[in-house]
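Below, each value reflects all heavy atoms present in this structure, side chains not excepted, and no hydrogens, waters or symmetry copies. Since we're looking at a predicted model, the values are computed, not measured.
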Amino acid sequence: MLDPRPVRQICHGTELRESDSDTLLEVNGPVPHRSWSVRTTIAGETIRPGDDIQQRLSRLDYFLLMFPPSQLTLMHLLMNEEIQKINTFTPATHQAMTKGELLKFFGVIILCTKFEFGNRASLWSRTAKLKYIPAPCFGDTSMSRTRFDLLFRCLRFSYPPAFRPIGMAHETFRWMLVDDFVDSFNKMKPEAGCEVQNAADGESGVILRLKLVKTELEAREDDGLTLGTRVAKYLVEQWARTDRIVCGDSFFASVATAKELKSMGLRFIGVVKNASSHYPMTWLSSLELSNRGDHKGLVHLDNDGNPDMMAFVWVDRERRYFISNCSSLVEGDPHVRNRWRQGDDMEAGPRREELTVPTPKVCNIYYDTCAAIDQNNRHRQDNLQIERKIETKNWATRVGTTILGMCIVDAWLVYKGATGTSETQSEFYSWLAEELIDNSYDKDPIWRSTGSVTEASPPQHLFDSRTGAGGSAIQAHLTPTKRKRKVKGVIMQKQFYQSQCVVCASKFKGQKRKGFKSSFLCSICNDESLDSTAAESKVWLCHSKYGRNCFAEHMAACHSSQYSLASTLVHVSNLEVFSLLQ
């Protein structure tokens, strides 16, 4: 006779029970889906998937959103110091570098990845070696080979001391060469030379936070946590108390990690391999599960008798052991794969068959997310290829250009998600290189004043006085609506809602002609009417790019205190206004 009592497994003091009914419940309650978004540095504007279908922001704008502004300022300072040192010992023939030239330098680096070359100097040649392959002619970028070599020689990412202090290990000193870049990256959010542990957004694939593996001493820190738990806690601590789901590989996955992240207000799903302390690995591995898709789990109960953690095994080609404090073993979307199979008739040859593997909901969440970092690395190494094309023996330059490559790939991922473009990744890098090389960063005073959060602080009138939320952009301006047009109840994703311009309506009042419609709003009036979503409560205005002065007239009539600044922005195109949001 079978024992009706549930199986109890006690692993190093942690008790887990067999309860099929509890595994079908949402552990610790359901987690709502959150879409990714990017918040701009100065004004607090938020960019979400599909928000920039009209491509108002350039590729350069997206790169500046992903590249830390403080790092651009630091590199500009450090590289000019190196140029000055060279001028000290040689005739002062090298001019100081501007931030615009630094961006151009980045563009030339990306452009180098588009060519196969043995000697970098050949990229500046105007003589084609082969009849049907034109010469690269990098001199057309207005950056000479001598200048590029100088900037590459002076390339610095962090502020190190001039000499290694006495008693400091070489390994410790070496990490000081890139620490500032990592800190700048993490405040926003390498193929050879070091190991990088990072966290990425599971939906967009954007790298959010980095941790460089430095010395063995870090692994020996005695704080009661395993190394994987300690690193996981560091990578996601910025999102504590947000109830987000963290998916980690076997380096991070353990019962200790699940408990630690739960105490931080986060959920966790991971595949357990070696870190099996407090995990019922022996019992789960002894179960007889013969078919793909079979699964079995145990639950841990909290003080109130509710399941707060789940350990389970799921069979695909081989067994996978999971630890989770969210979701459930309810049947989810099956994994469908096409495989070649040889039938009984050997002469007929193999045929393609569709293989369907039943998959629990919690595994769907994990496998939809876990490849994000690997895909980001593949984009950087196989598509961008900065590490492979720009060879260097300098360790700091190698690590720094790798992190630069991460910023470029992140810019592509956000650009693709926000615009929904059909542009290929290779085409994006080519166009980005062109925009970086032809940038007007040094010529535009507005770019210079907002190029770094360390150079200019946003004035108080950029924030809503009632809520403290950031305004919609820099000073008074025309902001495009995010509302979409509806036709017979169908939302037109590529068409914005339009309404009557208030200035035109007043001019043509009583006349047969009613003026013009617009999809742009006054940013000040829009911020003051945040509580209302009705189109009638919005102040719609014609854009100055159409040759009409409705915005200037509205500013003079309704916002005279800010008219002096607004009048200087009327001539700036909408694209340039958005480029402020870097």
Side-chain angles (χ1 to χ4, degrees), residues 60 63-64 66-115 117-125 136-160 162 177-178 180-181 184-185 190 193 384-408 411 429-430 432-443 447-448 451-452:
L60 176 57
F63 172 76
L64 292 174
M66 295 296 104
F67 193 85
S70 58
Q71 180 65 24
L72 188 67
T73 302
L74 178 62
M75 292 181 66
H76 173 249
L77 174 65
L78 296 178
M79 291 175 69
N80 274 330
E81 288 183 356
E82 295 298 320
I83 293 174
Q84 182 61 36
K85 290 178 183 178
I86 295 176
N87 286 336
T88 302
F89 299 100
T90 60
T93 57
H94 302 303
Q95 296 180 350
M97 179 189 67
T98 64
K99 287 185 179 179
E101 189 178 18
L102 178 56
L103 292 176
K104 177 179 290 190
F105 175 70
F106 290 161
V108 175
I109 287 179
I110 298 174
L111 193 60
C112 289
T113 66
K114 299 298 177 181
F115 295 87
F117 57 93
N119 182 4
R120 198 163 59 207
S122 64
L123 296 174
W124 275 262
S125 173
C137 300
F138 272 33
D140 293 341
T141 64
S142 74
M143 177 173 285
S144 66
R145 180 173 66 88
T146 304
R147 185 64 174 176
F148 179 87
D149 290 342
L150 173 69
L151 297 184
F152 195 81
R153 173 184 173 185
C154 298
L155 187 58
R156 298 292 183 273
F157 297 96
S158 186
Y159 197 87
L177 303 176
V178 293
D180 286 343
F181 199 178
S184 298
F185 188 99
L384 183 58
Q385 299 185 356
I386 285 183
E387 296 104 327
R388 297 183 182 182
K389 294 297 182 71
I390 308 297
E391 297 181 355
T392 177
K393 295 182 180 179
N394 185 288
W395 182 90
T397 301
R398 166 58 59 238
V399 178
T401 52
T402 294
I403 301 177
L404 172 63
M406 292 180 183
C407 295
I408 296 171
Y429 296 146
S430 299
L432 176 61
E434 182 175 311
E435 293 181 15
L436 284 166
I437 292 171
D438 297 335
N439 77 84
S440 58
Y441 196 95
D442 297 325
K443 299 178 182 178
W447 276 56
R448 289 200 301 269
S452 169

Axial cation check for F152 ring with R120, 6.0 Å and 45° limits: yes
Kindly compute the distance separating [atom1] ([X]) from [atom2] ([Y]), expressed to the nearest 0.5 Å.
X    : Y    : atom1 : atom2 : value
T402 : I386 : OG1   : CD1   : 8.5 Å
K99  : N439 : NZ    : CG    : 12.5 Å
F67  : F106 : CZ    : CZ    : 4.0 Å
L155 : M79  : CG    : CE    : 5.0 Å
T141 : E434 : OG1   : CD    : 12.0 Å
I110 : Y429 : CD1   : OH    : 8.5 Å

Does [Y] offer a backbone N or O that forms a donor-acceptor pair with the side chain of [X] under 3.5 Å?
X    : Y    : answer
H94  : Q84  : no
E387 : T401 : no
K389 : F115 : yes
N80  : A96  : no

Salt bridge flag under 4.0 Å for residues R153 and D149: no
Pair F157-L78, side-chain contact (heavy atoms from CB on, under 4.5 Å): steps then yes or no: CA-CA 8 Å; F157 297 96; L78 296 178; over 6 Å; no
Minimum-distance pair of heavy atoms, taken over all atoms of [X] and [Y]:
X    : Y    : value
M75  : L102 : CB-CD2, 3.9 Å
M143 : W124 : O-NE1, 2.8 Å
L436 : G107 : CB-CA, 3.7 Å
N119 : S122 : O-OG, 2.6 Å

So do the side chains of [X] and [Y] get within less than 4.5 Å of each other, counting heavy atoms only?
X    : Y    : value
L74  : S70  : no
C112 : P136 : no
L123 : F148 : no

Full working for salt bridge (charged side-chain N to carboxylate O under 4.0 Å, His left out) between R147 and E101: CA-CA 10 Å; R147 185 64 174 176; E101 189 178 18; 2.7 Å; yes
Derivation and outcome, side-chain contact (heavy atoms from CB on, under 4.5 Å), residues L64 and L103: CA-CA 10 Å; L64 292 174; L103 292 176; 4.2 Å; yes
Test log, rule salt bridge (charged side-chain N to carboxylate O under 4.0 Å, His left out), inputs K85 and E82: CA-CA 5 Å; K85 290 178 183 178; E82 295 298 320; 3.3 Å; yes
